[in-house]
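So the structure is just underneath, and the comments pick up after that.
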Amino acid sequence: MRTVVQRVTHASVKVDGQTIGEIGKGFLILLGVAEEDDEAIADKMADKICRLRIFEDENGKTNLSLADVGGEILVVSQFTLYADCKKGNRPSFVKAGNPEKANRLYEYFMKRCETHVQTVEHGQFGADMKVELLNDGPFTLMLDSKEL
């Protein structure tokens, strides 16, 4: 499982011109699922992200978590995080999980995030989405379950 976590002041996702997910202060999470991923990996990744202390405290130190600041989460499926660009100029996505499994783990991941924070919004799996955000910092992290 791979994620790109962006600390945002706000973020939203649209499908066919309609906003389907929107948050204020919190994390925009782009989530890619690999074929070998399972619920245990999703649990580990969600728990790690939700406990990240990357919000500033009263002293300007990145010391506060989502829960500490009342933050929200917007999760967007992103199979392209598994793009393999080693050969040629057209990326291969053979390392991404099959759509049925990826969607199941995407849904599972969001439910696990709900155990940490009150608001978890999402995009639409497999849809052509338009994502807007204001990255705060900018503060962007890439996490790979193989490195947790």
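These numbers come from a predicted model, not from an experiment.
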Sidechain-backbone polar pair: [X] side chain, [Y] backbone, donor-acceptor under 3.5 Å:
X: Asp68; Y: Ser65; answer: yes
X: Asp37; Y: Ala34; answer: yes
X: Tyr106; Y: Val75; answer: yes
X: Asp84; Y: Lys86; answer: yes
X: Arg2; Y: Asp144; answer: no
X: Ser12; Y: Glu22; answer: no
X: Gln6; Y: Leu141; answer: no

**OP:** Check the pair Ile23 / Ile73 against side-chain contact (heavy atoms from CB on, under 4.5 Å), numbers first and verdict last.
**Re:** CA-CA 7 Å; Ile23 63 166; Ile73 293 175; 5.7 Å; no
Is any side-chain heavy atom of [X] closer than 4.5 Å to a side-chain heavy atom of [Y]?
X: Asp47; Y: His116; value: yes
X: Glu56; Y: Leu64; value: no
X: Val117; Y: Leu66; value: yes
X: Val13; Y: Leu74; value: yes
X: Glu72; Y: Val120; value: no
X: Gln124; Y: Gln18; value: no
X: Val76; Y: Met129; value: yes

**OP:** With side-chain contact (heavy atoms from CB on, under 4.5 Å) as the test, would you mind laying out the steps for Phe139 and Val5 before giving the verdict?
**Re:** CA-CA 8 Å; Phe139 206 117; Val5 179; over 6 Å; no
Distance check, rounded to the nearest 0.5 Å: [X] atom [atom1] versus [Y] atom [atom2]?
X: Phe109; Y: Glu39; atom1: CZ; atom2: CD; answer: 13.5 Å
X: Cys113; Y: Gln118; atom1: SG; atom2: CD; answer: 14.5 Å
X: His122; Y: Leu31; atom1: NE2; atom2: CG; answer: 13.0 Å
X: Asp136; Y: Leu28; atom1: CG; atom2: CG; answer: 13.0 Å
X: Thr19; Y: Lys14; atom1: OG1; atom2: NZ; answer: 4.5 Å

Got a sec: does the [atom1] of [X] have more than 12 other heavy atoms crowding it under 6.0 Å?
X: Asp16; atom1: CG; value: no
X: Asn89; atom1: CG; value: no
X: Lys44; atom1: NZ; value: no
X: Glu114; atom1: CD; value: yes

Subject >> Asn98 and Glu35 side chains, donor-acceptor separation under 3.5 Å >> reply: yes
**OP:** May I have the step-by-step check of side-chain contact (heavy atoms from CB on, under 4.5 Å) for Thr9 and Lys25, ending in yes or no?
**Re:** CA-CA 4 Å; Thr9 59; Lys25 183 177 189 172; 5.8 Å; no
**OP:** Apply side-chain contact (heavy atoms from CB on, under 4.5 Å) to the pair Leu30 and Thr3, showing each step before the final yes or no.
**Re:** CA-CA 5 Å; Leu30 305 177; Thr3 63; over 6 Å; no
Original post:
Is Asp128 salt-bridged to Lys130, cutoff N-O under 4.0 Å?
Top reply: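 The answer is yes: the pair qualifies as a salt bridge.
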Subject >> Sidechain N-carboxylate O distance under 4.0 Å for Lys146, Glu36 >> reply: yes
What pair of heavy atoms forms the shortest contact from [X] to [Y], and how long is it?
X: Val4; Y: Leu81; answer: CG2-CD2, 3.7 Å
X: Ile20; Y: Gly123; answer: CD1-C, 3.6 Å
X: Met45; Y: Met1; answer: CE-O, 3.3 Å

**OP:** Identify which one of Leu133, Thr140, Thr62 satisfies the side chain to side chain contact (heavy atoms under 4.5 Å, CB included) criterion when paired with Arg7.
**Re:**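 Answer after filtering Leu133, Thr140, Thr62: Thr62.
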Original post:
Mind checking whether Phe27 and Phe55 have ring centres under 6.0 Å apart?
Top reply: yes
Hydrophobic clusters here meaning ILVMFWY residues chained together by side-chain heavy-atom distances under 4.5 Å, can you tell me if [X] and [Y] are in one?
X: Leu52; Y: Val69; answer: yes
X: Ile49; Y: Leu148; answer: yes
X: Ile29; Y: Met110; answer: yes

